[in-house]
2 protein chains.
Amino acid sequence: MAGDLGMMPGMTAVLVIEDDDRIRLALLLALEDEGYDAVGAATAEEGLRVQRRNPADYVLVDLMLPGLDGFECIRHLRRDDDVPVVVVSARDDTHDIVAALEAGADDYVVKPVAIKELTARLRALRRRARAGVAGSAPEPVPVLAFGELEISPDGGEVRRAGQPVPVTRTEFRLLCELAEHAGRVLSRQQLLQRVWGYDSGDERLVDVHVGRLRQKIESDPATPRHLVTLRGLGYKLQR
Amino acid sequence: MAGDLGMMPGMTAVLVIEDDDRIRLALLLALEDEGYDAVGAATAEEGLRVQRRNPADYVLVDLMLPGLDGFECIRHLRRDDDVPVVVVSARDDTHDIVAALEAGADDYVVKPVAIKELTARLRALRRRARAGVAGSAPEPVPVLAFGELEISPDGGEVRRAGQPVPVTRTEFRLLCELAEHAGRVLSRQQLLQRVWGYDSGDERLVDVHVGRLRQKIESDPATPRHLVTLRGLGYKLQR
DNA sequence: AGATCTATGACAGTTGCGTGACAAATCCGC
DNA sequence: GCGGATTTGTCACGCAACTGTCATAGATCT
């Protein structure tokens, strides 16, 4: 599993204990996009073992797990460790919520949950927990990666092969918009609307900025590898 | 107003800021049934006044309030106080949730909420908050380092290459705000809000103070290495 | 070949930012 | 209280960077 060995220094590590492979994978990928070092476990037992050997900064845990269930899992986590625990469950009964929090969980969210909400809750939790813990890791800055191209929407910077690329505000917004919908075509109209806020206008404007952006982020701007044109449709950013 | 004077000693006090009389009353009664000392306020302004004069242990706040809204209310609470804040709102957009947590809320629940869940969340929050307070006194002050630049938020001092740098209070707060979100761009608006508490105002003010700060902390203020400008976006502090 | 669609270079108008000057407000020792 | 020193916020100016438009050349489809 990604990042299992080689936990990056300076990154915040999150352990996801969830038996459904699809959901676990989706969570792991989303967390990594947000700049976390995410590790998965399919059962409570495995999760506890991983956490003991290689403690994460946060644990996300499902309630319905084969074998040891979520509640037991939380109690075990609480026994060894003071790691913040967030329950991510499909059930939204008050009874479950209360039981999980009583068992020692710090928060409880109901699936499906937006990744942005989840990370906002992790940050809120960190703010609370940090008062106590001395050298807690700094908040990770999310980075979207496209091959050697790295875009950090929050950091306001773009790097190519690790080197910072100076882009203007408009270019940056355009790039972020494309990056957030990576792999999908966005029409000039859509881009005008989302980047410029124009409801109508000259679509050539988009071309010009795409062109300037290519000069900066593509190694060979004439034959773009990431920021590609789809004739008659628009542009897309791809890996 | 219930329990306004005569806050019971030994009881946990909760302040409920909610403009709907029916909901506020219901919450107050339910909380009192659960053994809390509950106090109500119908507006953010009133709530802030009450909290300043007679601080509760927790604050519950609605988002949609007349006058000063919930988000602003949270920021004001956070500025003078470290009281745990739980948002109780009818809205369940991810966007609102994230914004409220970013503003400084500790938790967010959607109305209607079971009183049992609410109190369970308050208890979970208390457990977390207390963990912090336990080691409060002997806790070594965390020092944030940016290359040769060192900032100790609690100690109120800044050093460059070991040498103390005299910064004014405003400069210090600005620097801390940037340091706490190291690597992220903060817009002038955000800085005005977080450092000065202004909800609106002349953004050039930020420029001026950033400029003065740079004169002190950068070895070559004309080409800053740490406190950098992102044209059109804002400022950020980086390593 | 003709008709579209797209890339790109040049240019002028605009915007954003850094800076120094200055007055009001605040702090501080006495 | 009081007077000087420090800090704070406002303003205006000028430079550098950015933006949007246009014209032209190139590419791609039918």
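We name chains A, B, ... by the order of the sequence lines, and we start the count at 1 in each one. Note that this is a predicted model, so its numbers are computed, not measured.
In terms of the salt bridge (charged side-chain N to carboxylate O under 4.0 Å, His left out) criterion, residue partners of B/Glu171 (sequence neighbours excluded) are, by chain and number, B/Lys216. Looking at residues two or more places apart in sequence or on another chain, you find a salt bridge (charged side-chain N to carboxylate O under 4.0 Å, His left out) between B/Asp107 and A/Arg121, B/Arg121. Considering only residues two or more places apart in sequence or on other chains, B/His209 meets the ring-ring contact (aromatic ring centres under 6.0 Å, His included) condition with B/Trp196. The side-chain contact (heavy atoms from CB on, under 4.5 Å) search around B/Asp21 returns B/Arg24, not counting sequence neighbours. Evaluation of the side-chain contact (heavy atoms from CB on, under 4.5 Å) rule for A/Ala114 yields A/Glu117, B/Thr94 as partners, not counting sequence neighbours. Applying the side-chain contact (heavy atoms from CB on, under 4.5 Å) rule to A/Arg159 yields the partners A/Glu150, A/Glu157, A/Pro164; only residues at least two apart in sequence or on another chain are considered. Remark: A/Glu180 engages no residue in a salt bridge (charged side-chain N to carboxylate O under 4.0 Å, His left out) (not counting sequence neighbours).
One axis for each end of the helix from C/dA1-D/dT30 to C/dC30-D/dG1, each built from five base pairs, and the angle between them comes to 50° at 10° resolution.
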Using a 3.5 Å cut-off and no angle test, enumerate the donor-acceptor pairs between side-chain atoms of residues 230-239 of chain B and protein atoms at least two apart in sequence or in another chain.
from     : atom 1 : to       : atom 2 : distance (Å)
B/Tyr235 : OH     : B/Arg188 : NH2    : 3.1
B/Tyr235 : OH     : B/Asp207 : OD1    : 3.4
B/Lys236 : NZ     : A/Gly155 : O      : 2.9
B/Gln238 : NE2    : B/Arg225 : O      : 3.2
B/Arg239 : NH1    : B/Ala145 : O      : 2.6

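Salt-bridge formation is not detected for the pair B/Asp62/B/Arg91: no Lys NZ or Arg NE/NH1/NH2 atom is positioned less than 4.0 Å from an Asp or Glu carboxylate oxygen. Taking the charged nitrogens against the carboxylate oxygens, B/Arg49 and B/Glu46 have no contact shorter than 4.0 Å, which rules out a salt bridge.
Screening B/Ile23, B/Ile17, B/Leu63, B/Leu60 for a side chain to side chain contact (heavy atoms under 4.5 Å, CB included) with B/Val88, the sole residue that qualifies is B/Leu60.
Distance A/Leu227 CG to C/dA7 C1': 12 Å, rounded to the nearest Å. In this entry the distance linking CZ of B/Arg204 with P of D/dA12 reads 11 Å, nearest Å. Separating the CD atom of A/Glu203 from the P atom of D/dG20 is a distance of 15 Å, rounded to the nearest angstrom.
For the atom pair CZ of B/Arg160 and CD of B/Glu218, the computed distance is 8.5 Å after rounding to the nearest 0.5 Å.
Residue B/Tyr235 places at least one side-chain N or O under 4.0 Å from the OP1 or OP2 atom of C/dG18. Between A/Thr229 and the phosphate of C/dA7, there is a side-chain N or O to OP1/OP2 separation shorter than 4.0 Å. OP1 or OP2 of D/dT19 sits under 4.0 Å from a side-chain N or O of A/Thr168.
Of all the residues in residues 170-198 of chain A, A/Thr170, A/Trp196, A/Tyr198 reach under 4.0 Å from DNA chain D with at least one non-hydrogen atom. Of all the residues in residues 205-225 of chain B, B/Leu205, B/Val208, B/His209, B/Arg212 reach under 4.0 Å from DNA chain D with at least one non-hydrogen atom.
Mapping B/Asp202 and B/Val167 onto DNA chain D by nearest heavy atom places B/Val167 closer to the 5' end of the strand.
Not one N or O on the side chain of B/Asp93 forms a donor-acceptor pair closer than 3.5 Å with the backbone of B/His95.
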Under 4.0 Å protein heavy-atom contacts per nucleotide of nucleotides 24-30 of chain D, with B for base, S for backbone only and - for none: ----B--
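Nucleic acid contact for B/Arg169: sugar-phosphate only, since backbone atoms but no base atoms lie under 4.0 Å from a heavy atom of the residue.
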